[in-house]
Amino acid sequence: HRDLHSFPTRRSSDLAIYIRGVGQLDFAEHQESPVALYIDGAYLSFQGAANLGLYDIDQLSILRGPQGTLFGRNANGGVVQITTAKPTDTYNGYLKETLGSYGQVTTEAAINGPVADNLDARFSFQYDRNSPWLHNTLRASLGADNTASARFQLLYKLSDSAQDLLQFFGSRSFPVAAGMYIPSPAAPNPANHDLAEDNSGALFVNFCASLGF
């Protein structure tokens, strides 16, 4: 069983993974989830990094916890293992386009093949963009996404039983209004029965001044 939830940040850094109700609500980069995340055998403490592996996938495994015997700490809830597609000595590739509501356009592609004797390479990328889906009457509408990810791999075959794989990967989220809410100053308005109102800051400044700040 897997639950994926979104929280008020950009999509590439807001992924929270839950297995049987166990997970981590705090998506800050210094917080480690009780559900361990592995991409190609490497542990990533920041669960938002799952998006680095969620394209050009060879296998995705969800292991319910606890998994401390095989995977050590931070695996009480379980383990998510993402195995990406590896370079091969055959020329091939693909291009996949996904269209959805709210102007969603997701482009995923990969190209693969040998570049020299015993050396294969693979390049893959994903670009995801959609318009806001949450209408906000106060400021910019929310829920948009604009994220690009890429991965480059080199596989050197030392022998029939030994290989050396080198990976370069990264992801960037371009600034968008993507959250569920945006904090803003609010203060009592004497002209409206002293009810608190969201405002541009003038009420807040006057309220602080009335308190001697």
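Sequence positions, counted from 1, serve as the residue numbers for this chain.
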Following the transitive rule for hydrophobic clusters with a side-chain heavy-atom cut-off under 4.5 Å over Ile, Leu, Val, Met, Phe, Trp and Tyr, establish whether [X] and [Y] coincide in one cluster.
X: L54; Y: F169; result: yes
X: I17; Y: V79; result: no
X: L155; Y: I82; result: no
X: W133; Y: V105; result: no

>> How about OH on Y102, more than 12 heavy atoms from neighbouring residues, nucleotides or ligands closer than 6.0 Å, or not?
In response: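 Check fails, neighbour count at 12 or below.
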> Within a radius of less than 6.0 Å around CG of D117, do more than 12 heavy atoms belonging to other residues, nucleotides or ligands occur?
Replying inline: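 Incorrect, the count does not exceed 12.
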Taking all atoms of both residues into account, what is the closest heavy-atom pair of [X] and [Y], and its distance?
X: Y91; Y: G113; answer: CD2-CA, 3.8 Å
X: A148; Y: F174; answer: CB-CE1, 4.1 Å
X: Q104; Y: N130; answer: CA-CB, 3.7 Å
X: S124; Y: A110; answer: CB-CB, 3.7 Å

Between [Y] and [X], is there a side-chain donor-acceptor contact under 3.5 Å, judged purely by atom types and distance?
X: D56; Y: T84; result: no
X: Q81; Y: T83; result: no
X: E108; Y: Y94; result: yes

Under a 4.5 Å cut-off applied to non-hydrogen side-chain atoms, are [X] and [Y] in contact?
X: D40; Y: Q167; answer: yes
X: R151; Y: Y55; answer: yes
X: P132; Y: L142; answer: no
X: E32; Y: R73; answer: yes
X: T147; Y: Q126; answer: no
X: N189; Y: D194; answer: no

> Out of curiosity, L134 CG to S141 OG, how far, rounded to the nearest 0.5 Å?
Replying inline: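 The OG atom of S141 is 7.0 Å from CG of L134, to the nearest 0.5 Å.
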> How long is the gap from CZ on R129 to CG on D145, to the nearest 0.5 Å?
Replying inline: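 The CG atom of D145 is 10.0 Å from CZ of R129, to the nearest 0.5 Å.
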> Transitive ILVMFWY cluster of L158 at side-chain heavy atoms under 4.5 Å: who else is in it?
Replying inline: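 Hydrophobic cluster check, L158: joined to I111, V115, L119, F123, F125, F152, L154, Y156, L166, F168.
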Just by distance, do the side chain of [X] and the backbone of [Y] share a donor-acceptor pair under 3.5 Å?
X: Y18; Y: V35; value: no
X: N76; Y: N74; value: no
X: N112; Y: D120; value: no
X: Q153; Y: A85; value: yes

>> Run the ring pair (Phe, Tyr, Trp, His ring centres under 6.0 Å) test against Y43 and tell me which residues pass, sequence neighbours left out.
In response: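 Residues passing ring pair (Phe, Tyr, Trp, His ring centres under 6.0 Å) with Y43: Y38.
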> Got a sec, which residues hit side-chain hydrogen bond (donor to acceptor under 3.5 Å, both in side chains) with N192, two or more places apart in sequence or on another chain?
Replying inline: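 With neighbours one apart ignored, the set is E197.
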>> Among residues at least two apart in sequence or on other chains, which ones pass side-chain hydrogen bond (donor to acceptor under 3.5 Å, both in side chains) with S149?
In response: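 Here the qualifying residues are S171.
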Below 3.5 Å, can you tabulate the donor-acceptor pairs from side chains in residues 59-72 to any protein atom, sequence neighbours excluded?
residue, atom, partner, partner atom, Å
Q67, NE2, R64, O, 2.9

> Partners of V205 by side chain to side chain contact (heavy atoms under 4.5 Å, CB included), sequence neighbours excluded?
Replying inline: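 So V205 forms no side chain to side chain contact (heavy atoms under 4.5 Å, CB included) with any residue.
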>> Between the side chains of K157 and D164, is the shortest nitrogen-to-carboxylate-oxygen separation below 4.0 Å, so that they form an ion pair?
In response: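 Result for this pair is no, no salt bridge flagged.
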